[in-house]
Amino acid sequence: MMDHLHKNNTQYISNPSPNPPPTGGLFENLLSVEPIFNNKELLRHSFTPDVLPHRDSQIQTLASILVAALRGDTPSNILIYGKTGTGKTASVRLVSRELEQASAQYDIPCEVKFINCEVVDTKYRILAELANTFIEKNIAYVLEKISKLETSLNDLPPNFNSSSSPQSEEGQSLHDEISKLKHDLNSFTKVPMTGWPTDTVYSTLVKALDYRERVVVIILDEIDKLVEKSGDDVLYNLSRMNSDLDRSRVSIKGISNDLTFTDYLDPRVKSSLGEEEIIFPPYNANQLNDILQNRATTAFKEGVLTDGVIRMCSAFAAQEHGDARRALDLLRTAGELAERSGGSQVTTAHVESAQEKIELDRVIEVIRTLPTQSKLILFTILVLVKKNISHITTGEVYNLYRQLCKERDSAVLTHRRVTDLISELDMLGIVNAIVVSKGRYGRTKQISLSVPQTNVEKELLSNHHLFGGLEDTSVIFQSHFGT
DNA sequence: AATCCACAGGAAGCCCGGGAAC
DNA sequence: GTTCCCGGGCTTCCTGTGGATT
């Protein structure tokens, strides 16, 4: 089987067709367009650059705390705060990378583990993830050590090499050491995805960490999400872990979007985790400009960006609380739009379209992931907007909502719940709801759509499953719109 | 100044599904 | 496999509120 595949492969490689057969030309035209990107990856926010402009002081502080690890001490725990796109994660990744390089260079055992708590979000899973990571690292370490020992064993003169010779003390001790390591290797058992009691996972982690002397840096990104979902239990365990460790030391770095999340923490956890705090302030338009300039020179081909493109991206992103991620998205999307339209240059018009496209994508994504009842309420608001009602109130929404529910024979939520759902839509930025008092006529919320009506309409109507079929939806829609 | 409207939004508790613990 | 626990969605009940009207 393998042979067969192999032969085929060789055939393809050794006989490349000099003139590929003519195709339909579907991709030919697209490929013939001069690309405007050199390397688009540089504009993705997952990319960690070597230089982070305007973050020198934060990086310096981080490094000055982490340098303790290279001296064999435990670095202080750190909490890092900043809104999205302020360079927190990128800075931490940059410093971690350098730390690991330095650790290898000076042969000081120091390991970094990065966990995104939005993905790994329960106590069990965090402990299991950590335990498995360090078990793997231990296995790699032991395997390497064994191979080194075996090499030195083979390098011994032949009469020393034989384990059968009782005189060769050096050979014997090497043999002993190798068999001990092999025994260790067998004792490493990985933690399953589920099933173990949490304290067993914890003790497995402690054992794995303590296998050898080292400093371990655990980075918990989006730590506020973890606390929100699972409380501070894990953080309590992790922050007290050093008292259970003999040979290794643990240091924790928490990254949070939310400045106030420590309010929900146990005071002991709070003081232990927040030994040091680093704040990442939002970038201003000029700083965003520098960042984009920095990346654009290598990401785009020369002369592709017209005047004002970068400045416009930074200005747009600066309005969004100085979000560098947004600025990069804008620049990349503008480039993609330019490329798709077959142009050879990116213009400010492309940036404007990119801004619209990103906003539209966001709205579509938010609406798509809305629960059914919220969609129904949004639909009700849309109907009222279409009826040109100037001041939509909670009461009006609720009445029509109830009517729609009856028409489609579905469960009706209470008034109280509907006000909550409206507030949620407000927080998602889909509608705008402000509390107003109309004197004698009561206090209510005044509701309006805060995104283009056509976008909402298009996305809601594409929800075939929502109202038990598009046809039904259209009926309801038409009966209220009169179209 | 008192009244009153039409809600806002807090508190408590129920129900249910999913996952951890045993 | 069963039990237990937790969190989210939801209801019920309730108090609070700004300003037009009386």
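In what follows, every chain begins at residue 1, and chains take the letters A, B, ... in the order their sequences are listed.
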For A:I434 and C:dG19, what is the distance between atoms CD1 and P respectively, to the nearest whole Å? 13 Å
OP1, OP2 of C:dT21 versus side-chain N and O of A:K438: anything below 4.0 Å? no
Measure CG/A:D420 against P/C:dC10 and give the value in whole Å, please. 10 Å
Rounding to a whole Å, what distance do you find between A:R417:CZ and B:dG9:C1'? 13 Å
Whole angstrom is fine here: how far is it from NE2 in A:H415 over to P in C:dC14? 18 Å
Can you say whether the rings of A:Y141 and A:Y211 are parallel (under 30°), tilted (30 to 60°) or perpendicular (over 60°)? perpendicular
Spacing between A:I126 atom CD1 and B:dG19 atom P, to the nearest angstrom: 17 Å
Determine, step by step, whether A:T74 and A:V250 satisfy the side-chain contact (heavy atoms from CB on, under 4.5 Å) criterion, reporting the C-alpha distance in whole Å, the side-chain angles of both residues, the deciding distance to 0.1 Å, and the verdict. CA-CA 7 Å; A:T74 321; A:V250 168; over 6 Å; no
Rounded distance (Å) that lies between atom P of B:dC7 and atom NE2 of A:H391: 15 Å
Both A:R125 and A:T444 contact DNA chain B. Taking the nearest nucleotide for each, which residue is further toward the 5' end? A:T444
Could you tell me whether A:V412 contacts a base, only the sugar-phosphate backbone, or nothing, with contacts defined as non-hydrogen atoms closer than 4.0 Å? sugar-phosphate
Sidechain N-carboxylate O distance under 4.0 Å for A:K180, A:D176: no
A:K445/A:D426 under side-chain contact (heavy atoms from CB on, under 4.5 Å): CA gap, chis, key distance, verdict: CA-CA 11 Å; A:K445 275 193 179 120; A:D426 183 24; 5.9 Å; no
Counting only side-chain N and O atoms of A:S437, is one of them less than 4.0 Å from OP1 or OP2 of C:dG19? no
Note: for A:R440 and A:R443 on DNA chain C, the residue whose nearest nucleotide lies more 5' is A:R443
Quickly work out the A:L413 CG to C:dG9 C1' distance and round it to whole Å. 9 Å
How close or far is atom P of C:dG9 from atom CD of A:E424, stated in whole angstroms? 7 Å
